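A short write-up of the structure that comes next.
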Protein chains: 2
Amino acid sequence: MSKRHEHRSRSRLSDVAERAGVSAVTVSRAIRHPEMVTPKLRKRIDKAIHELAYVPNRAASMLASSRTRLIGVVVSSLTNGVFADFLRALHDLFLPEGFHVMVLDSRYVPGEEETAIATLLGQHPEAMIVSSIDQTPRARQLLKRSGIPVVQTMELAKSPIDINIGLSHEAAGYAATRYLIELGHRRIGVIGAPRDSRLHNRIAGYERAMREAGLDMTGLAGRSSNPSSVVLGGELMRGLVERCADLEAVFCCNDDLALGALFECHRLGISVPERISLIGFNDLEYAACAYPSLTSVLTPRYEMGRKTAEIVLEIIRGSGKRPPRRRIDIGFKIMERESTRRRDIRPPVRTARNARQSEQV
Amino acid sequence: MSKRHEHRSRSRLSDVAERAGVSAVTVSRAIRHPEMVTPKLRKRIDKAIHELAYVPNRAASMLASSRTRLIGVVVSSLTNGVFADFLRALHDLFLPEGFHVMVLDSRYVPGEEETAIATLLGQHPEAMIVSSIDQTPRARQLLKRSGIPVVQTMELAKSPIDINIGLSHEAAGYAATRYLIELGHRRIGVIGAPRDSRLHNRIAGYERAMREAGLDMTGLAGRSSNPSSVVLGGELMRGLVERCADLEAVFCCNDDLALGALFECHRLGISVPERISLIGFNDLEYAACAYPSLTSVLTPRYEMGRKTAEIVLEIIRGSGKRPPRRRIDIGFKIMERESTRRRDIRPPVRTARNARQSEQV
DNA sequence: AAGTTCATTGACAGCGCTTTCATTCCTCTA
DNA sequence: TAGAGGAATGAAAGCGCTGTCAATGAACTT
């Protein structure tokens, strides 16, 4: 017995070995590669493990194998429903494989993201998953140098650090706006918090669609540098309505903002979609059952988490070999619901080349 | 150099020691107890650490010191906004102290909670924080035997495993219902998913208040064994309205349910609060800006996380000594908003002995 | 000037596990 | 029945760090 810890409550590998009448190595193998041990021995060992309530010491195994079996994850927010689905997928896929997921949030602040990345890297994870693409130069460098698989998610990057799985928020913003334009709207506003690069890109998509359609955008943008929230959605909506009397539709850069905007419309006595059409983004749970139900751009978040985990696992198992495609577009889908409606009173606006026919009358 | 890993990229303590011209122990001390090392040496060591980009190997230090500096946390759901605030507080307090927080979610399933607890315990955390009080017998045993500080949170327990910080959901449910009764309502319904013990207790509080006031409850409970969601809130509300034509008020066991119920009322053309008063629970962000804004029972979640972390830190520093009070009631507060209104038409109901006077006319 | 005290620093022995390689024990073939 | 070949098991040597205790040296006392 050790001099240092006179009372050792936890049993060790060697205790199990002694009880089962085998060597420690055999017990270690019986745990990690059961097929390498005779069924008879395995049974004896399992019994001993159970009787002693043996739990392996991860620190020791990490040290000996230089495998931490840790996956570092940085999300922008723990509060946001968007990341919950993503994290659930990661847990679902990694835990059964014996990996642990360490999650830190950056609260949408690049500096905090850098800190979080450095902190996680200090644990020597076997892979890093970050839920953004706009790392600080130092964070990028840290990730690149780490030598482990790095996945940037949620968003498509021009020059990924390593692997990139996401969707084009610019394209999604463009599509959402096109959808409103094709519904016959011309005075289309946007509300968002462009401090977050994803929202920034959605707004850029909106602007491209508006420009292409030759529509005026002056006074139609409600921006804030505060983080998105339901309250903020209401405030930006009110501002927009006050500035622009003939507003016909609003692209809300995420569902929280859309929810706030919807409530504000109720409050102001503006009927949705009769007077103003509203489209949200992400398609969170409440979008489908709001009143009126919210049209929203669905982003496949669980799917994104799943794909991320699968690729990471593949790389780790394949001793570092990267898959052929390093950049995966997971896409998006517009979920049409009650909050948007065709506007027939005005003459149709000119249609973009790639405009699809709307089925609605 | 090792035979096992011919290419060792990460530098070790001894590399730093060599570069700084001191022994490894001194470097170790310079990192952990800088005050024990001469300023001059400390400077030389810091320089070497920086030059070699040295990052301590946590596995080795855990093994040698038998201190993992890990805090295990089990929450019921990662999706629920309630836990987001709580987790944020834990991160805020633990990270600066050099502890890492490992979070797992049980998805409101007792079996999964047991698994999560076992998994986390396998990491040998220095404390465990669980966001419920109704552990399975085996989970209780595991926690008790672990010998580390265990905090059960969110809810007040009759017989805590160790430390307990929370609030009485029965009392809160009672208070919410009393509030409605004092507003003059008599036909008061409740909607909830009692599979979750907290919702179960809130409903129990509702029942006590109703019983005490001599009010009939038949047909007034909308229950589901599915997890709470906005959609479910709508469904339960519809069921309640169909069953009970003279419904006057509804206690929604959480804000998601309340949001769904509110939307459903809009959909059915039932005006809130003119025809039906609605009260939610937790006071999530959107409650205050809904239309009409939602009266809700505020639960101090960040505060609960802060208190939890402070006590854990204190116990760990004080080498296991428990504080005098092992059970802390963090309380709750009713946030009165637009979704509830006094009902003057009917004669007042009889008042409970301990009923507080309502300030409203 | 010699002894005492205290603050720094270093040597050494593990922490509990895995890796490597050697050994033993089978089973099968000729 | 001997030998080859392969599967199962074990012995030994660390993984990188920290706890313990001994050694060193400087500052102080008498």
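The structure displayed is predicted, hence computed values, not measured ones. All chains are named by letter (A, B, ...) in the order of the sequence lines, taking the proteins before the strands, and each is independently numbered beginning at 1.
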Enumerate the protein-to-nucleotides 24-26 of chain D contacts in which both atoms are nitrogen or oxygen and the separation is below 3.5 Å.
none

Between [atom2] on [N] and [atom1] on [X], what's the gap in Å once rounded to a whole number?
X       : N      : atom1 : atom2 : result
B/Arg67 : D/dT18 : CZ    : P     : 12 Å
A/Arg10 : C/dG16 : CZ    : P     : 8 Å
A/Asn57 : C/dC17 : CG    : P     : 6 Å
A/Arg58 : C/dC17 : CZ    : P     : 13 Å
A/Arg12 : C/dT18 : CZ    : P     : 14 Å
A/Leu63 : C/dG14 : CG    : C1'   : 12 Å
A/Leu13 : D/dT9  : CG    : C1'   : 14 Å
A/Glu18 : C/dG16 : CD    : P     : 14 Å

task: State whether A/Glu314 and A/Arg322 are salt-bridged, where the test is any N-O pair (Lys NZ or Arg NE/NH1/NH2 against Asp/Glu carboxylate O) under 4.0 Å.
output: no
query: Rounded to the nearest 0.5 Å, how far apart are CG of B/Asn164 and OG of B/Ser159?
result: 9.5 Å
statement: Interatomic distance, CZ@B/Phe83 vs OG@B/Ser76, rounded to 0.5 Å, equals 3.5 Å
List in chain and number order the residues that pass side-chain contact (heavy atoms from CB on, under 4.5 Å) with [X], two or more places apart in sequence or in another chain; answer none if no residue qualifies.
X        : answer
A/Ser14  : A/Arg12
B/Lys144 : B/Arg140, B/Ile161
A/His33  : A/Glu35, A/Met36

What pairs of residues pass the salt bridge (charged side-chain N to carboxylate O under 4.0 Å, His left out) test when at least one of them lies in [range], not counting sequence neighbours?
range                       : answer
residues 145-159 of chain A : A/Glu155-A/Arg198
residues 75-94 of chain A   : A/Asp85-A/Arg88, A/Asp85-A/Arg301, A/Asp92-B/Arg107
residues 113-133 of chain A : A/Arg67-A/Glu126, A/Glu114-A/Arg138

message: So if I take residues 20-33 of chain B and measure heavy-atom distances to DNA chain C, which residues fall below 4.0 Å?
response: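 Going residue by residue through residues 20-33 of chain B, the ones with a heavy atom under 4.0 Å of DNA chain C turn out to be B/Val22, B/Ser23, B/Val25, B/Thr26, B/Arg29.
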- prompt: Where along residues 41-56 of chain B does a heavy atom come under 4.0 Å from DNA chain C, residue by residue in number order?
  reply: B/Leu41
message: C/dT9, OP1 or OP2 - any side-chain N/O from B/Thr38 closer than 4.0 Å?
response: yes
Show which side-chain atoms of residues 54-62 of chain A pair as donor or acceptor with protein atoms under 3.5 Å away, not counting sequence neighbours.
residue : atom : partner  : partner atom : Å
A/Asn57 : OD1  : A/Ala59  : N            : 2.8
A/Asn57 : OD1  : A/Ala60  : N            : 3.0
A/Arg58 : NE   : B/Gln123 : OE1          : 3.0
A/Arg58 : NH2  : A/Thr68  : O            : 3.0
A/Arg58 : NH2  : A/Arg69  : O            : 3.4

query: Hey, what bend do you get for the helix from C/dA1-D/dT30 to C/dA30-D/dT1 if you fit axes on five pairs at each end, rounded to 10°?
result: 40°
message: Tell me if the CD atom of A/Glu303 is crowded by more than 12 foreign heavy atoms within 6.0 Å.
response: yes
- line: Residues passing the salt bridge (Lys or Arg N to Asp or Glu O under 4.0 Å) test with B/Glu51, sequence neighbours excluded, are B/Arg19, B/Lys47
field: Residues A/Gln152, A/Gln135; criterion side-chain hydrogen bond (donor to acceptor under 3.5 Å, both in side chains); working and verdict
entry: CA-CA 10 Å; A/Gln152 292 166 293; A/Gln135 282 71 38; 2.9 Å; yes
task: Using the closest heavy atom to pick a nucleotide of DNA chain C for each, name whichever of B/Ala60 or A/Met62 lands nearer the 5' end.
output: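 It is B/Ala60, whose closest nucleotide lies nearer the 5' terminus.
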message: Could you tell me if B/Thr38 and B/Arg42 have a donor-acceptor pair between their side chains, going purely by distance under 3.5 Å?
response: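 Side chains of B/Arg42 and B/Thr38: no pair found under 3.5 Å.
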